[in-house]
Amino acid sequence: MTVSNAEIASIFTQMADLLEIRGEDPFRTRAYRNAARTIENLGKDLSKMVEAGEDISKIPTIGERIANKIREIVQTGRLAKLEYLKHSFPPHLLDILKIEGIGPKRAKILYQELHIGSLDALRKAAEAHKISQLRGFSEKMEQKILKGTMLAKKEGKRFLYSVAEPHAEALETYLKKFSGAEQVTVAGSFRRRKETVGDLDILATSKDPAKLIDYFVDYPGIKEIVSHGDTRSTVILNSDLQVDLRCVQAESYGAALHYFTGSKSHNIAVRIMARDMGMKVNEYGLFKDGKRIAGATEAEMYEGVGLRYIEPELRESRGEHTAARENRLPKLVKQTRIRGDLHMHTHYSDGHNSIEEMALAAKEHGYEYIAITDHSKHMSIVRGMDEKRAREQMAEIDRINAELKGISILKSVELDILEDGSLALPDSVLKEMDLVVAAVHDHFGLTQKMQTRRILKALENPYVKILVHPTGRLIGEREPYKVNMKQLFKGVTDNGCFLEINAQPKRLDLNDIYAKRAKEAGVRFAISTDSHNAASLDYMKYGVYQARRGWLEEKDVINTLSLLKLKKLLG
DNA sequence: GCCGTTTTCGGCCCGACTGTTTTCAGTCG
C-alpha cells in the first residue's frame with residue numbers, strides 16, 4: 001500500500017516520544033528522531049523504494065532495524081511495536097507535549113502522578129491547582145501550562161513565505177535603526193526561501209547585545225515576550241508569527257549565520273563532518289584544539305570542513321554536502337536572468353488588466369517578452385475564450401506588437417485538459433499561436449492511473465508545450481492531485497514539452513523536491529507568475545526561489561533564453 | 001537504534017533560556 005513519507009516519519013516521531021516518556025535510552029529515541037527527519041527530507045517516495053526492492057538501509061540514519069520497520073509500515077500500514085507501546089498510555093497523552101514547556105520528562109511525571117492523559121485533563125488539573133503541588137513544578141509553571149492549554153490548537157501553523165516576508169522586512173528595518181546594531185539578517189527557513197515559514201530567526205551583530213535585545217522586545221506589534229535573555233530572545237507578534245533574535249560578535253557572524261539558517265539536518269551533518277575531522281562547530285565558530293580557526297563568514301566555515309560554499313536554498317540535506325565536497329554544486333538560476341514571463345491573464349478571461357497594460361508592466365520589469373495565456377472556453381466560470389475570441393485576441397496582440405517597442409507578446413492560451421485528456425480548443429486554432437500551455441482545472445479526484453493517462457494524452461498534442469501548475473496543489477488548502485510523477489517526467493521529455501514552476505505564492509508548483517527530481521529526469525522548466533493583474537508580475541521572485549531550492553540552473557529554465565532562441569525551441 | 005581509513009563497542013551536535021533542584025535538569029531550536 002502507499003504510505004506517504006510524512007506518515008512514516010510521524011510514526012517514528014511517535015515512537016521516539018513514547019519511548020522518551022517511558023525513560024528509554026535517549027540515544028535510541030534520538031535514532032528514531034534522526035530517521036524521521038531523514039524521511040521527511042528524503043525527496044523520494046519510501047513506499048515506492050520498498051516496492052521496487054531498493055535497499056533502504058543504505059540511507060543515512062536508517063539501519064537494518066528501522067528499515068525493517070519501514071517495510072512493515074509500507075506492507076501493513078501500521079507498526080505493531082508502536083501500537084503495542086500506545087496501549088500502555090492513554091491515547092491522547094502525546095497531545096500534551098505540544099504545550100510550551102512540557103517535554104517527555106514532565107509528561108511522564110504528569111501521567112504517573114496525576115494520571116493526566118490528554119490536554120483536557122491537563123487543563124482541569126491546572127485549574128484545580130494540582131500541578132503546582134508536584135515536585136519540579138511551581139505556581140508559575142502551572143499558570144504557564146494553563147495558558148498553553150488554551151492556545152494549544154494553533155500549534156504547527158506555518159505562514160506562506162509571502163506572508164512572512166513583509167514582517168521580516170519590517171523587523172529588519174526596525175533593528176537596523178538601533179545605533180548599536182551592525183549586521184542584521186533574517187536567517188532560518190526564510191533565508192532558505194522555503195515555501196512556508198514556521199517562525200522568523202533573526203541574527204544580529206552588536207557591540208552591546210543586551211541593549212539590542214531590550215530594543216527588540218519593544219518592537220510595536222508584539223503580543224507576547226516568550227523569553228528575554230542577554231543574547232537571545234523570542235517573541236510572538238500580533239499576527240501569531242514567532243520571532244527569535246540572536247545577537248553575536250562580528251567574529252562569529254558567519255558561524256552564527258550558518259547555525260541560524262539551518263536546516264537542522266544540514267547543520268548536524270556539517271557538525272558531524274567537523275567532529276570526524278577532530279574539530280568542533282558551534283554558533284561561535286569552527287574550533288580545533290579549543291582555538292577558533294573560522295567563524296567570521298559562512299564561506300570560511302564551509303572551507304574549514306572541506307566544503308565549497310553552499311547556497312542557503314540548498315541546505316536541506318538533499319545531497320548538497322557531497323556535491324560541495326566534490327565541487328559539483330549547481331550554479332543556481334538568478335532572477336536577473338529571467339527574460340520573460342510565459343503565463344498571465346488579461347480581461348479576455350479572468351485577469352484584471354488589458355493586454356497592453358500587462359505588456360507595459362512587463363517592460364518595466366525589463367522583460368523581452370511575455371505570453372498572454374488567457375483561459376480556454378471550458379472554464380465557463382472565468383469567461384474562457386472560444387475560437388472566435390481567441391482569434392480576436394490574436395489580432396489585437398498583432399496590433400499591439402506592431403506599435404509597442406521593446407517587448408514582444410507571444411500569442412498563447414491556457415488550454416484546459418478535459419477529463420479524457422482531450423483539449424478544449426481544436427488544433428486549427430492552436431496552430432496559429434506562438435505557444436500553448438495546458439492545465440488541469442477539474443476532476444482532481446481521478447485515480448492516479450486515470451489522471452496520469454489524462455495528462456500524458458494532452459502532452460502528446462504537438463502544439464502543447466508547457467504543463468502549467470503541474471500538480472494543482474494550493475498550499476494549506478488543496479492537496480496535489482494524484483499523478484505518477486516519473487511517468488509524467490518521461491511524457492514531458494518524450495514530447496519535447498516543459499514543466500512550469502508557477503510563482504503564485506500559494507501554488508509554487510512544481511515544488512522544490514519534484515523540480516529536483518524532474519531535472520534529474522532531464523526535464524526543463526518555465527518559471528512564470530500566472531498573473532491576473534499587473535502587480536503580481538512581482539511574484540516571479542517566489543518562483544525563482546522555488547527553482548533554486550530545486551537545484552535548477554539557468555540552462556534548465558527556458559525563459560532565460562532570448563526571444564529568438566525561445567521561439568526556435570518552441571518550434 | 002545507528003555507525004565506523006582510529007572502532008563491531010562505545011560513542012552519539014551544541015548551547016541558551018527558564019525556573020528554582022543553590023549547581024542543574026528540562027526544554028527548545
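Since the model is a prediction, treat every value here as computed from it, not as a measurement. Here is how names work: the chains are called A, B, and so on, in the same order as the sequence lines, proteins then strands, and each is numbered from 1.
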Value in whole Å for how far the [atom2] atom of [N] lies from [atom1] of [X]:
{"X": "A:Gln143", "N": "B:dG19", "atom1": "CD", "atom2": "C1'", "value": "15 Å"}
{"X": "A:Phe287", "N": "B:dG15", "atom1": "CZ", "atom2": "P", "value": "8 Å"}
{"X": "A:Glu224", "N": "B:dT18", "atom1": "CD", "atom2": "C1'", "value": "14 Å"}
{"X": "A:Phe260", "N": "B:dA16", "atom1": "CZ", "atom2": "C1'", "value": "10 Å"}
{"X": "A:Leu203", "N": "B:dG15", "atom1": "CG", "atom2": "P", "value": "17 Å"}
{"X": "A:Ile96", "N": "B:dT27", "atom1": "CD1", "atom2": "C1'", "value": "14 Å"}
{"X": "A:Ile109", "N": "B:dA25", "atom1": "CD1", "atom2": "P", "value": "13 Å"}
{"X": "A:Ile102", "N": "B:dG19", "atom1": "CD1", "atom2": "P", "value": "14 Å"}

Could you pull out the protein-nucleic contacts involving nucleotides 9-12 of chain B (nitrogen or oxygen on both sides, under 3.5 Å)?
{"residue": "B:dC12", "atom": "O3'", "partner": "A:Arg275", "partner atom": "NH1", "Å": "3.4"}

At 4.0 Å (heavy atoms only), tell me whether [X] reaches a base, stays on the sugar-phosphate, or touches nothing.
{"X": "A:Lys144", "answer": "nothing"}
{"X": "A:Lys140", "answer": "sugar-phosphate"}
{"X": "A:Thr231", "answer": "sugar-phosphate"}
{"X": "A:Val281", "answer": "sugar-phosphate"}
{"X": "A:Glu139", "answer": "nothing"}

Residues [X] and [Y] bridged, charged N to O under 4.0 Å:
{"X": "A:Lys48", "Y": "A:Glu54", "answer": "no"}
{"X": "A:Asp17", "Y": "A:Arg33", "answer": "yes"}
{"X": "A:Glu195", "Y": "A:Arg549", "answer": "no"}
{"X": "A:Glu298", "Y": "A:Arg191", "answer": "yes"}
{"X": "A:Glu165", "Y": "A:Lys541", "answer": "yes"}
{"X": "A:Lys81", "Y": "A:Glu72", "answer": "no"}
{"X": "A:Asp512", "Y": "A:Lys194", "answer": "no"}
{"X": "A:Asp214", "Y": "A:Lys211", "answer": "no"}

* To do: Please determine if a side-chain N or O atom of A:Tyr284 lies less than 4.0 Å away from the OP1 or OP2 oxygen of B:dC13.
  =>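 No, because none of the side-chain N or O atoms of A:Tyr284 sits under 4.0 Å from OP1 or OP2 of B:dC13.
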
* To do: Test ring pair (Phe, Tyr, Trp, His ring centres under 6.0 Å) on A:Tyr215 and A:Tyr174 and set out the steps.
  => CA-CA 9 Å; A:Tyr215 173 76; A:Tyr174 173 80; 4.2 Å; yes

[M] and [N], which share atom name [atom1], separated by this distance in whole Å:
{"N": "B:dC12", "M": "B:dC17", "atom1": "P", "result": "24 Å"}
{"N": "B:dT27", "M": "B:dT21", "atom1": "C1'", "result": "16 Å"}
{"N": "B:dG11", "M": "B:dT6", "atom1": "C1'", "result": "13 Å"}
{"N": "B:dC2", "M": "B:dT7", "atom1": "C1'", "result": "14 Å"}
{"N": "B:dT5", "M": "B:dG1", "atom1": "P", "result": "23 Å"}
{"N": "B:dC14", "M": "B:dG4", "atom1": "C1'", "result": "22 Å"}

* Take atom CD in A:Gln143; do more than 12 heavy atoms of anything else shown fall under 6.0 Å from it? ->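 It does: A:Gln143 CD has more than 12 such atoms within range.
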
* Got more than 12 heavy atoms from elsewhere within 6.0 Å of CZ, A:Arg22? ->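 12 or below, so no.
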
* **Comparing A:Gly229 and A:Ile268 on DNA chain B - which has the more 5′ nearest nucleotide** =>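 The 5'-side residue here is A:Ile268.
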
* To do: Starting from the 5' end of DNA chain B, give me the residue, A:Lys105 or A:Lys69, whose nearest nucleotide shows up first.
  =>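 Result of the comparison: A:Lys69.
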
Show each protein N/O and nucleotides 2-8 of chain B N/O combination with a separation under 3.5 Å, one pair to a line.
{"residue": "B:dC2", "atom": "OP1", "partner": "A:Gly63", "partner atom": "N", "Å": "2.8"}
{"residue": "B:dC2", "atom": "OP1", "partner": "A:Gly63", "partner atom": "O", "Å": "3.4"}
{"residue": "B:dC2", "atom": "OP1", "partner": "A:Ile66", "partner atom": "N", "Å": "3.0"}
{"residue": "B:dC3", "atom": "OP1", "partner": "A:Thr61", "partner atom": "N", "Å": "2.6"}

* **Gap between atom NZ of A:Lys58 and atom CE of A:Met49 - 0.5 Å precision** =>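 Rounded to the nearest 0.5 Å, the CE-NZ separation comes to 11.0 Å.
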
* B:dG11 pairs with which nucleotide, Watson-Crick or G-U wobble, both distances below 3.5 Å? ->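 Check on B:dG11: paired to B:dC2, both distances under 3.5 Å.
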
* Asked: Between B:dG26, B:dC13, B:dT18, which one does the side chain of A:Arg106 approach most closely?
  ->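 Shortest atom-to-atom distance from the side chain points to B:dG26.
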
* **Any residue of residues 292-299 of chain A with a heavy atom less than 4.0 Å from an atom of DNA chain B** =>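 By residue number: none to list.
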
* Checking salt bridge (charged side-chain N to carboxylate O under 4.0 Å, His left out) against A:Glu127, which of A:Lys130, A:Arg123, A:Lys124 comes through? ->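 Testing A:Glu127 for a salt bridge (charged side-chain N to carboxylate O under 4.0 Å, His left out) against A:Lys130, A:Arg123, A:Lys124 leaves exactly one candidate, A:Arg123.
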
